[in-house]
Novice: 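Below: one structure in structure tokens.
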Amino acid sequence: MTSIGSDDRGWLRALPADGGRETPLSRAGHRVHPARRLSDLVQGRPPGVTGSQWSSASRASFDVVVCAADTGRAIVAVQIGPVAPAGSAQQRAERLTDAVSAAAGLPVLRIGSPTLRAAEHGRRLVEYVIDARAYAAGAAGVTADGDDPAPMGFRDILGRLPDGRTGRVNDLGALTRAAAVEAYVAGRVADPIVRGLHVRWADGTAQGWSWVQVRPDACLVERVAVTEQRFSCGIDAAQLAEDLATVAVGERLRANAETDLLPRAELTAQIVALSRRRAELVGGFAFDHLCVD
């Protein structure tokens, strides 16, 4: 099976299937490699990049790299971890890495989260994205015709969930929703419903929020940013960001639901503040019903 994506990017280096490191995961015409430096993926300094820029950016490392199995060239380089603080040296380094990656034609996917980490969540994430892209490619030429409905979205496919219920098998937050119900039955949270929202900023960054009410006046809240650079995840990036935030809520529920809670009134105030920035959002703000505590 051939992989999804173009492999004619002249500045990208082919990664061998076995380059002396651990054997990469194979999935649907792709190879998934662990951490690699930018210099492992790009052959030489791309045009428009100074020697100083290349020297600094080439040492940057990505957590996971997905390559085409037939050519070994990168389909996407993935970084998972906390969002760099505004104006920090880390943010400047990321921007330089992104600029050099753009010059080389290297697609990049950044997942910003204070809780999710590549070691624990990277493999599941890239498997999900590979599958979503394959499904989207197969459905791209299928349109509604007469009485035939449009093809179902990847995330909306129904099947049997791990707890035996029927639901969306490609909803990454399904296990968290089940865990929240169990926590409610055990008296660990005040409400079993996991709530959330998602938006896309005008600069292209998608953001998802997810929360569960642990006490009547306090919530466990997670936020995730998804940035697609010359790449598509196969599903809406904003919805993916919310689903990943829900995964992070599940991690916090399993660890200790009582730590780092946000007052419910403060969460509502933050949602209201977000709604007032709707002019900066692609598609506006669709969650006004959450602005009332």
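Note that the numbering runs from 1 along the sequence shown for the chain.
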Novice: Using a 4.5 Å cut-off on heavy atoms from C-beta on, say whether the side chain of Val292 contacts that of Thr268.
Specialist: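 Answer no - side chains too far apart.
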Novice: With Thr115 as reference, evaluate Glu222, Glu120, Arg223 under the side-chain hydrogen bond (donor to acceptor under 3.5 Å, both in side chains) test and give the passing residue.
Specialist: Glu222
Novice: What's the shortest heavy-atom distance between Ala132 and Cys233, and which atoms?
Specialist: CB-O, 3.5 Å
Novice: Decide whether Val194 and Leu253 are clustered together by the hydrophobic rule: side chain heavy atoms of Ile, Leu, Val, Met, Phe, Trp, Tyr closer than 4.5 Å, transitively.
Specialist: no
Novice: Grab the two heavy atoms, one from Ala190 and one from Pro216, that are nearest each other, plus how far apart they are.
Specialist: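 Here Ala190 and Pro216 meet closest at CB-N, 3.9 Å.
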Novice: Measuring from atom CG of Leu96 to atom OG of Ser52, what distance do you get when rounded to the nearest 0.5 angstrom?
Specialist: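 Atom-to-atom, Leu96:CG and Ser52:OG are 8.0 Å apart.
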Novice: For residues Gly112 and Val83, report the shortest heavy-atom separation together with the two atoms involved.
Specialist: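 Reported closest heavy-atom pair: CA-CG2, 3.6 Å.
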Novice: Look only at the side chain of Ser55 and the backbone of Gly51, and say whether a donor-acceptor pair between them is shorter than 3.5 Å.
Specialist: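 Such a contact is absent between Ser55 side chain and Gly51 backbone.
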Novice: To the nearest 0.5 Å, what is the distance between CG (Leu109) and CD (Gln79)?
Specialist: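 With rounding to 0.5 Å, CG (Leu109) is 10.0 Å from CD (Gln79).
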Novice: Rest of the hydrophobic cluster containing Trp209 (Ile/Leu/Val/Met/Phe/Trp/Tyr, side-chain heavy atoms under 4.5 Å)?
Specialist: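 Taking Ile, Leu, Val, Met, Phe, Trp and Tyr as members, Trp209 shares its hydrophobic cluster with Leu197, Val199, Trp201, Trp211, Val221, Leu262, Leu267, Ile271, Leu274, Leu281, Phe285, Phe287, Leu290.
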Novice: If we only count heavy atoms from C-beta on, is the Phe62 to Leu41 side-chain gap below 4.5 Å?
Specialist: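 Contact flag for Phe62/Leu41 side chains = yes.
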Novice: So, taking the atom named CG in Leu261 and the one named SG in Cys219, what distance separates them when rounded to the nearest 0.5 Å?
Specialist: 8.0 Å
Novice: Sub-3.5 Å donor-acceptor pair from the side chain of Gln207 to the main-chain atoms of Ala241, do we have one?
Specialist: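 Checking the backbone N and O of Ala241 against the side chain of Gln207, no donor-acceptor pair under 3.5 Å is found.
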Novice: Are Val226 and Ile235 in one and the same hydrophobic cluster, where Ile, Leu, Val, Met, Phe, Trp and Tyr link if side-chain heavy atoms are under 4.5 Å apart?
Specialist: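 Val226 clusters together with Ile235.
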Novice: Roughly how far, to the nearest 0.5 Å, is OG1 of Thr71 from CG of Leu12?
Specialist: 9.0 Å
Novice: Would you mind reporting whether Val78 and Val76 have side-chain heavy atoms less than 4.5 Å apart?
Specialist: yes
Novice: Would you confirm whether Arg92, through its side chain, and Gly87, through its main-chain N or O, come within 3.5 Å as a donor-acceptor pair?
Specialist: yes
Novice: Under a 4.0 Å threshold between the charged nitrogen and the carboxylate oxygen, would Asp40 count as salt-bridged to Arg13?
Specialist: no
Novice: Any donor-acceptor pair under 3.5 Å linking the side-chain atoms of Gln229 with those of Ser101?
Specialist: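 No, no side-chain donor-acceptor contact under 3.5 Å.
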Novice: Output yes when a side-chain donor or acceptor of Arg117 lies under 3.5 Å from a complementary backbone atom of Pro114, and no otherwise.
Specialist: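 Yes.
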Novice: Any chance you could lay out the side-chain contact (heavy atoms from CB on, under 4.5 Å) test for Ser39 and Gln43, step after step, and finish with the verdict?
Specialist: CA-CA 7 Å; Ser39 58; Gln43 48 190 1; over 6 Å; no
Novice: Return each pair, listed once, that meets salt bridge (Lys or Arg N to Asp or Glu O under 4.0 Å) where at least one residue sits in residues 260-269; pairs must be two or more places apart or across chains.
Specialist: Arg264-Asp293
Novice: If you apply the rule side-chain contact (heavy atoms from CB on, under 4.5 Å), what do you find for Arg31 with Leu25, and how did you get there?
Specialist: CA-CA 6 Å; Arg31 292 201 306 264; Leu25 167 72; over 6 Å; no
Novice: How long is the span from the CD atom in Gln90 to the CD atom in Glu94, to the nearest 0.5 Å?
Specialist: 5.0 Å
Novice: For Asp191 and Gln213, indicate whether the former's side chain and the latter's backbone hold a donor-acceptor pair under 3.5 Å.
Specialist: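 It does not hold such a pair.
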Novice: Would a hydrophobic clustering, with Ile, Leu, Val, Met, Phe, Trp and Tyr connected at side-chain separations under 4.5 Å, put Val129 with Val169?
Specialist: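 Same hydrophobic cluster.
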Novice: Would you call Asp288 and Arg278 a salt bridge, using N to O less than 4.0 angstrom?
Specialist: yes
Novice: So does Arg277 pair up with Glu280, basic N to acidic O under 4.0 Å?
Specialist: yes
Novice: If only atom types and distance count, is the side chain of Gln53 paired as donor or acceptor with the main-chain N or O of Val49 below 3.5 Å?
Specialist: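 Looks like no, no N/O pair under 3.5 Å.
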Novice: For the residue pair Pro24 and Ala17, what are the closest heavy atoms and their distance?
Specialist: CD-O, 2.9 Å
Novice: Rounded to the nearest 0.5 Å, how far does CZ of Phe231 lie from CD1 of Ile75?
Specialist: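 It is 8.0 Å, given to the nearest 0.5 Å.
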Novice: Donor-acceptor pair, Ser88 side chain versus Ala84 backbone, under 3.5 Å?
Specialist: no
Novice: For a quick check under 3.5 Å, do Thr246 and Ser210 share a side-chain donor-acceptor pair by atom type?
Specialist: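 Their side chains do contain a donor-acceptor pair, which is all the 3.5 Å distance test asks for.
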Novice: Could you check Ile80 against Ser113 for side-chain contact (heavy atoms from CB on, under 4.5 Å), going step by step and ending with a plain yes or no?
Specialist: CA-CA 7 Å; Ile80 305 172; Ser113 166; 5.8 Å; no
Novice: Is a salt bridge present between Arg155 and Asp243, judged by a nitrogen-to-oxygen distance below 4.0 Å?
Specialist: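 A salt bridge links Arg155 with Asp243.
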Novice: Might you confirm whether atom CZ of Arg254 has over 12 heavy atoms from other residues, nucleotides or ligands at distances under 6.0 Å?
Specialist: yes
Novice: May I ask you to check whether over 12 heavy atoms, not counting those of Arg123, lie within 6.0 Å of atom CZ?
Specialist: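 No.
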Novice: For Val108 and Arg110, work out which heavy atoms get closest and say how close.
Specialist: CG1-CG, 4.0 Å
Novice: Main chain of Leu220, side chain of Arg252: is a donor-acceptor contact present, judged purely on distance under 3.5 Å?
Specialist: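 It does not hold such a pair.
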Novice: Are Val212 and Leu172 linked, directly or through intermediate hydrophobic residues, by side-chain heavy-atom contacts shorter than 4.5 Å (ILVMFWY only)?
Specialist: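 In one cluster with Leu172: Val212, no.
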Novice: What heavy-atom pair brings Ala103 and Pro47 nearest, and what distance separates the two atoms?
Specialist: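 Nearest heavy atoms, Ala103 then Pro47: CB-O, 4.0 Å.
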Novice: Would you check, one step at a time, whether the test side-chain contact (heavy atoms from CB on, under 4.5 Å) holds for Val126 with His30?
Specialist: CA-CA 10 Å; Val126 297; His30 297 73; over 6 Å; no
Novice: Applying the side-chain contact (heavy atoms from CB on, under 4.5 Å) criterion to Leu125, which one of Val247, Leu244, Asp63 satisfies it?
Specialist: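 The option that passes is Leu244.
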Novice: Decide yes or no for Cys67 and His33: does some side-chain heavy atom of the first lie under 4.5 Å from some side-chain heavy atom of the second?
Specialist: yes
Novice: Report yes if the side chains of Tyr135 and Met152 come closer than 4.5 Å at any heavy-atom pair, otherwise no.
Specialist: yes
